[in-house]
Amino acid sequence: MKNLFSYQELTTVVRLQIAYDVCLGMEYLSQLRFVHRDLAARNVLVDANYLCKVSDFGMSKHVKAKPASTDAGGQLVRGPLLPVVLCAR
């Protein structure tokens, strides 16, 4: 049995697998029309084999479909876009 409390450096492959697992979880929620609204490292469960699952749905919200709006010329009208801030260290 692995000692889960020992520190070890994660390889690039393992890090990419963790990111991929989180992306798959978020894609699944999107298909169900849910918005998580609190995705953070503290809300990702990791098992001994580094399989990751998104958790803590306390702030999640179900999004109802809205019909697309068009103007008089038939062009799709977009609403205001949400600002996205990406931080990297």
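As the structure is a prediction and not an experimental result, all values here were calculated from the model.
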- Reported NZ-to-CG distance for the pair K61 and L29, which is rounded to 0.5 angstrom: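 It comes to 15.5 Å.
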
- Calculate, to the nearest 0.5 Å, the distance between atoms CZ and OH belonging to R15 and Y50 respectively.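 Atom-to-atom, R15:CZ and Y50:OH are 11.0 Å apart.
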
- Does N49 offer a backbone N or O that forms a donor-acceptor pair with the side chain of D47 under 3.5 Å?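 Flag set: sc D47 to bb N49 pair under 3.5 Å.
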
- Side-chain touch H62/R33, heavy atoms, less than 4.5 angstrom: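 Side-chain contact under 4.5 Å: yes.
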
- Message: List the residues meeting ring-ring contact (aromatic ring centres under 6.0 Å, His included) with Y28, not counting sequence neighbours, and say none if there are none.
- Response: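 Y28 satisfies ring-ring contact (aromatic ring centres under 6.0 Å, His included) with no residue once adjacent residues are dropped.
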
- For residues 21-32, pull every pair meeting salt bridge (charged side-chain N to carboxylate O under 4.0 Å, His left out), keeping only residues two or more places apart or in separate chains.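 Sorted result for residues 21-32: empty, none.
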
Anything under 3.5 Å between a donor and an acceptor, one on a side chain of residues 35-45, the other on a protein residue two or more places apart or in another chain? List them.
from, atom 1, to, atom 2, distance (Å)
H36, ND1, D38, N, 3.1
H36, ND1, L39, N, 3.2
H36, NE2, S55, O, 2.9
H36, NE2, D56, O, 3.1
R37, NE, M59, O, 2.7
R37, NH2, M59, O, 3.4
D38, OD1, R42, NH2, 2.9
D38, OD2, N43, ND2, 3.1
N43, ND2, D38, O, 2.5

- Message: Through direct or indirect side-chain contacts below 4.5 angstrom among Ile, Leu, Val, Met, Phe, Trp and Tyr, which residues connect to L16?
- Response: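 Once heavy-atom contacts under 4.5 Å are chained together, L16 still belongs with nothing else.
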
- Query: Can you list the other members of the hydrophobic cluster that holds Y20, where links are side-chain heavy atoms under 4.5 angstrom apart?
  - Reply: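 Besides Y20, the hydrophobic cluster comprises L24, listed by chain and residue number.
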
- Message: Holding to side-chain hydrogen bond (donor to acceptor under 3.5 Å, both in side chains), I want the full list of residues that pass it with Q31, two or more places apart in sequence or in another chain.
- Response: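 Per chain and number, Q31 pairs via side-chain hydrogen bond (donor to acceptor under 3.5 Å, both in side chains) with no residue.
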
- Query: Which heavy atom of L10 sits nearest a heavy atom of V14, and at what distance?
  - Reply: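 Nearest pair, atom of L10 first, then V14: CD2-CG1, 4.0 Å.
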
